[in-house]
Visitor: 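If you scroll down you'll find the structure; I have some questions about it.
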Amino acid sequence: MTVVKSSLPEPERRITGDALQATLVDLLALSLIGKQAHWNIVGPRFRSIHLHLDEVVSAARTFSDTVAERAAALGVSPDGRPETVASASVFQGPKDGWIQDTDVVRLLVEALATAIERLRERIGATEEADPVTQDLLIGITAELEKQRWMFEAENATRDA
């Protein structure tokens, strides 16, 4: 049952709704990974990475709300339930216990790279179906790419 009527024709609504739902799951999973790492990071760069993780978590949570509200505006019921995120997420979370700062950086670089790759696929899928959603996904991708770059620079060496 559709409670909210969409301004998109059904085929475009389906494509867009699928892209938004998958993005919602990715963003919620990313925020959970970031928070788990935030609580368990140890090492000489604890403070700077600990604070940077808060930036990623905040961005992921803000974007997840924007994505869910876009879906709802198009008549697609967003599903951010824990069981949905757990069953649909493709991300590898951190291991149990304390996590060395260099491992946290690698974890975030990999998680952000996965999210970016998946977002780029959805950008292509929504190009004709819904340019408004495509624009939203492009903006999210740009911010996640910036965050990925900043984390990657944490473990980089000049000669790498």
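All residue numbers refer to positions in the sequence shown, counting from 1.
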Visitor: Whether the side chain of Thr84 engages the backbone of Gly80 through a donor-acceptor N/O pair (distance < 3.5 Å, no angle test) should be reported.
Guide: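 Absent.
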
Visitor: With sequence neighbours left out, what residues match Arg47 under salt bridge (charged side-chain N to carboxylate O under 4.0 Å, His left out)?
Guide: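 Expected list: none.
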
Visitor: Which pairs, with at least one residue in residues 28-41 and sequence neighbours excluded, count as a salt bridge (Lys or Arg N to Asp or Glu O under 4.0 Å)?
Guide: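 Every salt bridge (Lys or Arg N to Asp or Glu O under 4.0 Å) pair that includes a residue of residues 28-41, provided the two are not neighbours, is Lys35-Asp54.
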
Visitor: Using the rule given for side chain to side chain contact (heavy atoms under 4.5 Å, CB included), can you reason through Leu74 versus Thr133, listing the C-alpha separation, both sets of side-chain angles and the distance that settles it, and then say yes or no?
Guide: CA-CA 10 Å; Leu74 295 175; Thr133 295; 3.9 Å; yes

Visitor: Could you walk me through whether Ile116 and Glu145 satisfy the side chain to side chain contact (heavy atoms under 4.5 Å, CB included) test, starting with their C-alpha distance in whole Å, then the side-chain angles of each, then the deciding distance to 0.1 Å, before giving a yes or no?
Guide: CA-CA 7 Å; Ile116 291 162; Glu145 285 177 334; 3.6 Å; yes

Visitor: In plain terms, say whether Arg70 and Asp135 are close enough for a salt bridge, that is, a side-chain N and a carboxylate O under 4.0 Å apart.
Guide: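 No, Arg70 and Asp135 are not salt-bridged.
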
Visitor: State whether a side-chain donor-acceptor pair under 3.5 Å links Gln147 with His52.
Guide: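 Judged by distance alone, the side chains do pair up.
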
Visitor: State the CD1-CD distance between Ile33 and Gln36, to the nearest 0.5 angstrom.
Guide: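 One finds 10.0 Å between CD1 of Ile33 and CD of Gln36.
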
Visitor: Please report the closest heavy-atom contact between Ala68 and Pro78, naming both atoms and the distance.
Guide: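 In this case the closest contact between Ala68 and Pro78 is O-CG, 3.5 Å.
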
Visitor: When rounded to the nearest 0.5 angstrom, what distance separates CG in Leu136 from OG1 in Thr23?
Guide: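 Interatomic distance, Leu136 CG to Thr23 OG1, rounded to 0.5 Å: 8.0 Å.
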
Visitor: Do the side chain of Gln21 and the main chain of Asp79 share a donor and acceptor less than 3.5 angstrom apart?
Guide: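 Checking the backbone N and O of Asp79 against the side chain of Gln21, a donor-acceptor pair under 3.5 Å is found.
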
Visitor: Side-chain contact test, heavy atoms from C-beta onward, threshold under 4.5 Å: evaluate it for Thr16 versus Leu8 and give yes or no.
Guide: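 Yes; the side chains approach each other to less than 4.5 Å.
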
Visitor: Looking at Arg13 and Glu10, is there a salt bridge between them, counting it only when a charged N and a carboxylate O are closer than 4.0 Å?
Guide: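 Answer for the salt bridge query: yes.
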
Visitor: Could you tell me the separation between the OG atom of Ser64 and the CG atom of Leu28, rounded to the nearest 0.5 Å?
Guide: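 Ser64 atom OG to Leu28 atom CG measures 4.5 Å (nearest 0.5 Å).
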
Visitor: Group every Ile, Leu, Val, Met, Phe, Trp and Tyr by side-chain heavy-atom contacts under 4.5 Å, then state whether Phe46 and Leu107 land in the same group.
Guide: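 Yes, it is one cluster - the side chains of Phe46 and Leu107 are joined through contacts under 4.5 Å.
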
Visitor: Let me check something: do Leu108 and Val105 share a hydrophobic cluster, defined by ILVMFWY side-chain heavy atoms less than 4.5 Å apart, either directly or through other members?
Guide: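 As far as the 4.5 Å side-chain criterion goes, Val105 and Leu108 are connected within one cluster.
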
Visitor: For the backbone of Leu53 and the side chain of His38, can you confirm whether one donor and one acceptor N or O come within less than 3.5 Å of each other?
Guide: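 It does not hold such a pair.
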
Visitor: Tell me, do Ile49 and Phe151 make a side-chain contact under 4.5 Å, heavy atoms counted?
Guide: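 Side chain of Ile49 against side chain of Phe151, heavy atoms only: contact under 4.5 Å found.
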
Visitor: Side-chain polar contacts of residues 89-103 - donor-acceptor pairs under 3.5 angstrom, sequence neighbours left out - could you list them?
Guide:
{"residue": "Ser89", "atom": "OG", "partner": "Phe91", "partner atom": "N", "Å": "3.2"}
{"residue": "Asp101", "atom": "OD2", "partner": "Arg45", "partner atom": "N", "Å": "2.9"}
{"residue": "Asp103", "atom": "OD1", "partner": "Arg106", "partner atom": "NH2", "Å": "2.3"}

Visitor: Which residues pass the salt bridge (charged side-chain N to carboxylate O under 4.0 Å, His left out) test with Arg148, sequence neighbours left out?
Guide: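 Scan of Arg148 (salt bridge (charged side-chain N to carboxylate O under 4.0 Å, His left out), adjacent residues dropped) gives Glu152.
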
Visitor: With sequence neighbours excluded, tell me which residues meet salt bridge (charged side-chain N to carboxylate O under 4.0 Å, His left out) with Glu83.
Guide: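 Checked Glu83 against salt bridge (charged side-chain N to carboxylate O under 4.0 Å, His left out); matches are Arg81.
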
Visitor: Could you check whether any side-chain N or O of Gln134 sits under 3.5 Å from a backbone N or O of Ile123, counting only pairs where one atom can act as donor and the other as acceptor?
Guide: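 Such a contact is found between Gln134 side chain and Ile123 backbone.
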
Visitor: Taking all heavy atoms of Ala125 and all of Ile15, pick out the closest pair and write down the distance.
Guide: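 What the structure gives for the nearest pair is O-CG2, 3.4 Å.
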
Visitor: Would you name the heavy atoms of Val76 and Gly17 that are closest together and state the gap between them?
Guide: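 That closest heavy-atom pairing would be CG2-CA, 3.9 Å.
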
Visitor: Please write out which residues are connected to Val57 in a hydrophobic cluster, directly or through intermediates, given that two of Ile, Leu, Val, Met, Phe, Trp, Tyr count as joined at side-chain heavy-atom separations below 4.5 angstrom.
Guide: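 Other cluster members: none.
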
Visitor: Can Arg120 and Thr141 be counted as having a side-chain donor-acceptor contact under 3.5 angstrom?
Guide: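 Checked: Arg120/Thr141 side chains show no N/O donor-acceptor pair below 3.5 Å.
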
Visitor: Roughly how far apart are Leu20 CG and Leu137 CG, rounded to 0.5 Å?
Guide: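 It comes to 6.0 Å.
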
Visitor: Just how far is it from atom OG1 of Thr114 to atom CG of Leu30, taken to the nearest 0.5 Å?
Guide: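 The CG atom of Leu30 is 9.5 Å from OG1 of Thr114, to the nearest 0.5 Å.
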
Visitor: Given the rule in the side chain to side chain contact (heavy atoms under 4.5 Å, CB included) test, do Val67 and Ile140 qualify, once you have shown the distances and angles that lead to the verdict?
Guide: CA-CA 10 Å; Val67 164; Ile140 293 169; 3.6 Å; yes

Visitor: Would you give the length of the straight line joining atom CD of Glu117 to atom CZ of Arg122, rounded to the nearest 0.5 angstrom?
Guide: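 Nearest 0.5 Å value for the CD-CZ distance: 10.0 Å.
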
